[in-house]
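For reference, the structure is listed below as C-alpha cells.
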There are 2 protein chains.
Amino acid sequence: MKNSQITIKDIAKELGISSSTVSRALKDHPNVSPETKKAVTDLAEKYNYQPNSIALSLRRSKSNTIGVIIPEIVHFFFSTVISGIEDIAYSAGYSVIVSQSNESYDREVMDTFALSKNRVDGILISMSRETTRYDHFETIHKRGLPIVFFDRVCDAINCSKVVVDDFDGAYQVTKHLIQQGYKRIAHLAGPESLILSKHRMDGYKKALKEHNMEFDESIILRGRAADNEMLAKELTTQLLNSDNPPDAMFAINDRAALGVMKAAKEKGLRIPQDFAIAGFSNWEFTAMTDPAITTVDQPGFKMGQEAAKLLIREIEADEDEIIEPETRILKTDLIIRGSSVVAV
Amino acid sequence: MKNSQITIKDIAKELGISSSTVSRALKDHPNVSPETKKAVTDLAEKYNYQPNSIALSLRRSKSNTIGVIIPEIVHFFFSTVISGIEDIAYSAGYSVIVSQSNESYDREVMDTFALSKNRVDGILISMSRETTRYDHFETIHKRGLPIVFFDRVCDAINCSKVVVDDFDGAYQVTKHLIQQGYKRIAHLAGPESLILSKHRMDGYKKALKEHNMEFDESIILRGRAADNEMLAKELTTQLLNSDNPPDAMFAINDRAALGVMKAAKEKGLRIPQDFAIAGFSNWEFTAMTDPAITTVDQPGFKMGQEAAKLLIREIEADEDEIIEPETRILKTDLIIRGSSVVAV
DNA sequence: TTGAAAGCGCTAACAA
DNA sequence: TTGTTAGCGCTTTCAA
C-alpha cells in the first residue's frame, strides 16, 4: 500500500467504461449521461480521487508552480513577502517553491537554474547583495520564462518590478519628526552610490524645505555607518557632543538606528523626549527595533502580493498577447511607535 | 518562443537517431558508442538541455518534492527550521514546498490535502495551536505518504518525530544560573497540563537538587503568565516586592522573560548584576530578546535537518524494508548573553 | 453519449 | 550498439 492513489483508469475499470468518459464526467462535460456522471462522481468520492497533478502538468506543459528566490528567509521582511506571495499564488491555484541565495551570487545562479529545471511557470526574485552579473536572469528570461523582481531589482532585465517608494517614505518620516516639534533633525545617510540612499536623502530634504528648515551639511553623517552599528554609534556620539547637537535623527535603516539609539542612551538622553529617532527599517531588524523608534516599514506582505499578481498575469497571458513590463512603486508604512501607532 | 525548452526528441531528430539512444547517451549508459555519446552531449550542451523533471516525476511516480507545513514562517524559529530542511533536501535532490497554517486547524487540513494532491513524496509538519483532531494526518499517512513531525508533534500518529530536550535545556540553564552565584532562583512556569512545562519544571528541579538548593513553591509563578507578557510582569513585580525576593528567574519562554525583564527594570534592578533572567526562547522572540537575558535556544536549523533526514530516509526506503518510526530528541543551545556567548 | 487513439517527455524491457 | 514499443495519468480530438 505504498502511497497508492486512485487513478481515472481504476474508476473506469471498476465501472466498465473508458477513461475518457470518466475524465469527462469528472469535469462536468455536457456530453455525459447523468447516470454515468453520478456513478463516476460517487466512486471518485468513495475512493477520495485526487487528480494527479504531475500528469496534468505534463499534459498542459505547465506546472502551476512559482519559484521564489530570496536572500534569506530568516529576515522578517522576506518572510512577510513570502506570505504575500503564497496568499495570491494559492488562491490562483499555484504552489510556491522558495529557495534562498544566502546573499551569494553562486547560490543565486544555481537556484535560478534549479527552478528552471523544475519547470516552474515563473520566478520571483530579490537579488543577492553580491550579484553584479545578470546572465543567469538573461538566459532564462530569453527562454521565455516570466520573471518579476521585487525590492532588490535588476535594471538590466526588461521585466516587471515591485519596489518601495524610498523618496516618499523618507519624506513622511521626516515630516513626522518635524510635526512632533523637533527643530534640528540630523540624517544618517547611506552611501551616495546607492540610488536608494539618494532617494531617501531627497525625501528628507523635501520635508525640510517644505517646513522652511535649513539643510545643514554638518549634521549629515555619511560613510559606512549605514551598515555598521558600531560606527553609527560612534559618529552619533561625536555629533551629540558637538556644539550644536541635533534633537532628532533620521537614520537610513534600522541597523543604523540601533547604533544611534545606543549612543543616545549612553549619553543619558531620554527617547523620545530629549532626542527622537526615526528610521527606515529594512529586512533585518523590523521586528527587533526598540519600540521607541519610529520607523518606515517596508510593506512586505503587499509587495509579495503585487509581485505575485504581476507574475501570474504574465504567466496566464495568451500566446500572442503582449504584456508590457510594469514597475510598481509601493508606499511605505509609517509606524509610529512609542506613542500611538499609525499606519499610513 | 514561449518558454520552449529543448527535449530529447529534438536532439534525436537533429542527429537522426532514436530518443532512447539520446536518453542512454545522456546518462552515460555503457552500451552507447563514444561517437554518439559525444555528439549527443555536445548538442545537449549547445542547446542547454535540461531534463523535464515533470516527465521524470510521472515516469517514476515520484515528484522529488517535500511538503512542509508550519504555523507561521515569520517566526524566527520556523524560518530557521526551513533553512535546515532545504539544506538537506536540496543536497538530496528534493524541492521544498512550504505552506503555512497560520495556527488555524482548517488551513492545516487544507494544506495537508493540497500537498497530497501535489504529489509530494513526504510531509514535514509542525502542528497548529488549534489542532486537536488528527484525521487529516491519519488519512494521508494510511495512504502511505511518509510524515515526520517536528517541535509540535502529534502523539496519535505513529511516525518519526523530532523534538527538543526540554528537560535538559531547563536543567542546563538553571545550572548556569546557580554556577553564576545566584542563590534564590524563581521559576515562571507554564500550564501544568502541557507536558513541555512539566519537563522544564523537572529540569529546573533537578538542577536545584543537584546543588542542594531547596525547591520553594513560593517563588514559583504559575497560571497564564507564560503566554502573557503583562501578567508575567505583574506577577514578577509582586514577587520582587515580597519579603524574600528571588535574585534570579528562569522563565519558561521568552514572552514571559520579557515581562520579567520589564518588571525588574521598572524596579531599578540592574541586569544581570542585581537580578538575572534566563529563559527558554520559543519561536516568537528568539532574535528579539534583550541581550542581557540568557536563553536556551531551540536549535531550529538542526531540527529542520534532522526532520528532513528522517523523512528522506523513509521516502527512499525499499518497498519491503520496514522503517521503524524514531523520535529524535535534540539538545538545546545554551546561549549566554550579556557576558560571553557559549553554545553547548 | 461513448470509446479509441494520440501525445505531453522520459525510460526500460525487449528486439534487432 | 541502436531502435521499437509501451507506459507513467491525463485530456482531447476524431470517429462511432
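A, B, ... follow the sequence lines: proteins, then strands. Residue 1 opens every chain.
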Checklist entry - How long is the span from the NE2 atom in His75(A) to the CD atom in Glu72(A), to the nearest 0.5 Å? => result 4.5 Å
Checklist entry - Any side-chain donor-acceptor pair under 3.5 Å between Ser18(B) and Thr21(B)? => result yes
Checklist entry - For dG3(D), does either OP1 or OP2 sit under 4.0 Å from a side-chain N or O belonging to Ser18(B)? => result yes
Using distance only, find each side-chain donor-acceptor pair of residues 56-70 of chain B under 3.5 Å and give its atom names and separation, not counting sequence neighbours.
unit_1   : atom_1 : unit_2    : atom_2 : d
Ser57(B) : OG     : Ser53(B)  : O      : 2.8
Ser57(B) : OG     : Lys62(B)  : O      : 3.3
Lys62(B) : NZ     : Asn64(B)  : OD1    : 2.9
Lys62(B) : NZ     : Tyr94(B)  : OH     : 2.9
Ser63(B) : OG     : Thr65(B)  : N      : 3.3
Ser63(B) : OG     : Arg119(B) : O      : 2.5
Ser63(B) : OG     : Asp121(B) : OD1    : 3.3
Asn64(B) : ND2    : Gly93(B)  : O      : 2.9
Thr65(B) : OG1    : Ser63(B)  : O      : 3.1

Checklist entry - Hey, does Thr7(B) reach any base, or is it just sugar-phosphate, or nothing, if we go heavy atoms under 4.0 Å? => result sugar-phosphate
Checklist entry - In whole Å, what is the span from the NZ atom of Lys13(B) to the P atom of dT2(D)? => result 20 Å
Next on the checklist: Check this for me: does the side-chain of Arg24(B) come within 3.5 Å of the base of dG3(D) through a donor and an acceptor?
Outcome noted: yes
Checklist entry - Please, which pairs that meet ring-ring contact (aromatic ring centres under 6.0 Å, His included) have at least one residue in residues 144-163 of chain B, sequence neighbours excluded? => result Phe137(B)-Phe149(B)
Checklist outcome for this item: Residue pairs meeting ring-ring contact (aromatic ring centres under 6.0 Å, His included), one or both in residues 99-133 of chain A, sequence neighbours left out, come to Tyr105(A)-His136(A)
Checklist entry - How bent is the helix from dT1(C)-dA16(D) to dA16(C)-dT1(D), comparing axes over its five end pairs at each side, to the nearest 10°? => result 60°
Checklist entry - Would you say Cys159(B) and Pro146(B) make side-chain contact, with heavy atoms under 4.5 Å? => result no
Checklist entry - How many angstroms lie between atom CZ of Arg24(B) and atom CD1 of Ile8(B), to the nearest 0.5 angstrom? => result 10.5 Å
Item to check | Gap between atoms CG and C1', on Asn118(B) and dG9(D) respectively (whole Å) | outcome: 15 Å
Checklist entry - Which pairs count as ring-ring contact (aromatic ring centres under 6.0 Å, His included) when at least one residue sits in residues 33-69 of chain B, sequence neighbours excluded? => result none
Checklist outcome for this item: Taken in chain and number order and not counting sequence neighbours, the residues that satisfy ring-ring contact (aromatic ring centres under 6.0 Å, His included) with Tyr134(B) are none
Checklist entry - Is there a residue in residues 43-66 of chain B whose heavy atoms reach under 4.0 Å of DNA chain D, and which residues are they? => result Leu58(B), Arg59(B)
Item to check | Value in whole Å for how far the P atom of dG7(D) lies from CD1 of Ile8(A) | outcome: 18 Å
Checklist entry - In Å and rounded to the nearest 0.5 Å, what is the CG to CD1 distance from Leu115(B) to Ile97(B)? => result 6.5 Å
Checklist outcome for this item: side chain to side chain donor-acceptor pair (under 3.5 Å) filter on Lys302(A), not counting sequence neighbours, yields none
Checklist outcome for this item: For Thr131(B), the side chain to side chain donor-acceptor pair (under 3.5 Å) test, sequence neighbours excluded, returns Glu108(B), Ser128(B)
Checklist outcome for this item: Contact check, residues 27-37 of chain B vs DNA chain D, heavy-atom distance under 4.0 Å, returns Asn31(B), Val32(B), Ser33(B), Thr36(B)
Checklist entry - What are the 5'-most and 3'-most nucleotides of DNA chain C lying under 4.0 Å from any heavy atom of chain A? => result dT1(C) to dG9(C)
Next on the checklist: On DNA chain D, compare the nucleotides closest to Arg119(B) and Gly16(B); which residue's is nearer the 5' end?
Outcome noted: Gly16(B)
Checklist entry - Mind checking what makes side-chain contact (heavy atoms from CB on, under 4.5 Å) contact with Ser160(B), not counting sequence neighbours? => result Val148(B), Leu310(B), Arg313(B), Glu314(B), Pro325(B), Glu326(B)
